[in-house]
Structure formats: structure tokens, C-alpha cells
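Read the structure below first, then the notes.
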Amino acid sequence: MSKEKQIAVGVVGLGSMGLGMAQTLAGKGFETLGFDLSGERKALAKKSGVIAAGSIAAVFERSKFLVFSLPTAKDVAGVVNDHLDMLKSRKDDRVIIIDTSTSEPDVSRDLAATLAKIGHGFLDAPVSGGPSGAASGKLTMMIGGAEEDVALARPVIEAMAAKALHVGPSGAGNVAKLVNNLLAAAHMITTKEGLKLAFSAGLDPEAALRVLNAASGRSMMSEVHFPTWIMSNTFDSGFSMGLMRKDVRLARELAARTGARLPIADLVAELWTGSTDLDDSDDFTRMGAFQTSN
Ligand code: NAD
């Protein structure tokens, strides 16, 4: 039996990201249990070697490592708090939660402190790289938490992430992710405005994009998102407007709490939340459509 086969990993949340992570872990030999509120997502996971757990309690009972991929901090806290008694009963068997959700630093700090008191670990470990990065094990992960927990979780982290950066204590991973996504949200808008200007001045936007990507105006938005999902009109990156709106809101709240004055971030957040013709369920790449009145 391979070393990985003996390590049970539970993945809670099998959505656009969690399903790919569970498939990656199962494909790399970990005994992978998956749970989602949606039976459809569990059925998809089962098709690729993930053990579909009958209940979330079963995942908490059996897993040494728990990977969370849930929409919000409230979901993360709800799932942990609902299972504290079960975790207390496993006090001599350290469990580590690797929370890959884009969550809130204060919530992660509280959960890490609560779990530390009963002998378990909690890492805030949000990710970048989208559903394709999750499915290929090539995510970038930014981690906050205790050094010894990062070391224990290293085999699971390395199976999911091509780059894993331990950036500080609990909450630091969430802060890094909010900073990153604030910039991604801004780059989506600035790139869109650049192409809109090119178009209105008679320059082919495809040619303008080629220039940006060979010059100093480029970003991951211009290099990956515009060519793959916007210029092609497919708008199916797998990341929703609702989740990006959450991220810019959280970044703005963090700025307000810490006293950082960020005038451009305020405008970016207003543009993302105020684009009323786009629903939360729309793909976030729709914000880059530059031949509209948005
Ligand atoms: P998603 O909405 O596709 O998936 C979330 C899943 O969680 C759903 O299948 C839902 O049924 C499940 N769920 C909700 N509450 C649950 C609970 N209590 N127990 C079990 N399952 C539950 O979202 P996603 O796009 O996969 O994103 C997940 C997280 O990763 C979010 O925090 C998001 O901000 C972050 N993220 C997403 C991307 C992306 O490109 N999609 C990239 C990086 C980070």
C-alpha cells in the first residue's frame, strides 16, 4: 500500500474548485472522502475515484486532513462548529483542516484558536488557479497558520498546489488572497477599459491585446482570462460574479477595519457590485465584455 493510501483526506464542498481538488487527491493515491450538500456533485466525485460520504459526520470521523472548499466564512465556521464535539472526541489524533475557501481572516483566527484548544490544527489556505488548477494539482496556495501544522499537512498541500507559500500566522493566507483578488478584480476592469478605448479609437482589440501581452500593461487577466473566456465569448471560467463580489467586499471591509485608504479599490468595488445587469450566478469574466455599455 502506498504511503498516501494510508492517509485519509476529506474534502468538504465539491463545487467548481472542491471537485477538482478531490479528484486530484484521489488520483495521487490519497484515500479521499468527499461531501457536498448536492447529491449531483457527490455523484460527479464518485465517478473519479472519490469515496462519496453519506454524511459530513462520516468525513469528520475518518479523515486525518480535511480540505474545505466552501463559499463563505459563514459556511466554514458553521461546518467546524457543528463538529466540535466529534473533534473533541478525537483529541489524541490531531486533525488538520486546510481551508481553501476565500474566507475572512478574523474567522480563520477564531477557528484556529478554538481548534488549538482541543488539539487540532486549522490552516487558512486559499487558492488561485481556478477549476483547471484544482483539477491538475497546479494551484497556487497562500497559507496562514502554525509552522508545525503546515509541515504535517505538506503532503496534502503539495498534491494540490504547484506553489504553496506560507505567508504568516493564522489569517495571513486570507489577507494575501483578498489582496490578490482585489488586484485581479481591478485588472479585469482596467484591461476591459483599455480594449474599449482601443476599439473606440479604431484599433482591433485583438491587436491591442497582443500588444498588452508583449508589453507593460499585461496581467493574468490579459494573458489568460481575456483570450480564453472573453474574446472567445464563452464566459465559462467557473468563477462566479457572486464570489468575486464577495472578495471585493471583503477586501474593502478589511481596508476599512485597518484604516488603509484605497480610493481605487473603492471604485473597483462599486463597479463590481453596481453592475446590476449581471447576476451573482453569471461567470465573473462577463465583467470583461468591453463591447457593451457596462
Ligand atoms: P461553488 O459554489 O462552485 O462550490 C461550493 C460548493 O460548496 C457547492 O457545491 C455547495 O453545494 C457546497 N456547500 C455549501 N455549503 C456546504 C456545506 N455546509 N457542506 C458541504 N458542502 C457545502 O464555489 P467554488 O467556485 O468551487 O468556490 C469555492 C471557494 O473557493 C469559494 O470560497 C471561492 O471564493 C474560492 N475560489 C474559487 C475559485 C474559482 O475559480 N471558482 C478560485 C479560487 C478560489
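Just so you know, ligand 1 is whichever comes first in the structure, and atom 1 is the first atom listed for that ligand. A quick note: this is a predicted structure, and the numbers were derived from the prediction, not measured. We're numbering straight along the sequence, starting at 1.
Here ring-ring contact (aromatic ring centres under 6.0 Å, His included) pairs that include residues 33-73, with residues two or more places apart or in two chains, are Phe60-His83.
A heavy-atom distance below 4.5 Å is not found between the side chains of Asp106 and Glu104.
The backbone N or O of Met188 sits nowhere less than 3.5 Å from a side-chain atom of Thr191 that would complete a donor-acceptor pair. Of the possible donor and acceptor atoms, none in the side chain of Arg41 sits under 3.5 Å from a partner among the backbone N and O of Gly13.
Take Thr32 and apply the side chain to side chain contact (heavy atoms under 4.5 Å, CB included) test, not counting sequence neighbours, and it matches Val11, Ala22, Leu25, Ala26, Phe30, Val50.
A heavy-atom cutoff of 4.0 Å around ligand 1 is satisfied by the protein residues Val12, Gly13, Gly15, Ser16, Met17, Phe35, Asp36, Leu37, Arg41, Ser69, Leu70, Pro71, Val79, Ser101, Thr102, Val127, Gly130, Pro131, Lys177, Gly238, Phe239, Leu243, Lys246.
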Could you give the side-chain donor-acceptor pairs of residues 142-163 under 3.5 Å, partners two or more places apart or in another chain?
from   : atom 1 : to    : atom 2 : distance (Å)
Asp149 : OD1    : Arg94 : NE     : 3.0
Asp149 : OD1    : Arg94 : NH2    : 2.9
Asp149 : OD2    : Arg94 : NH2    : 3.2

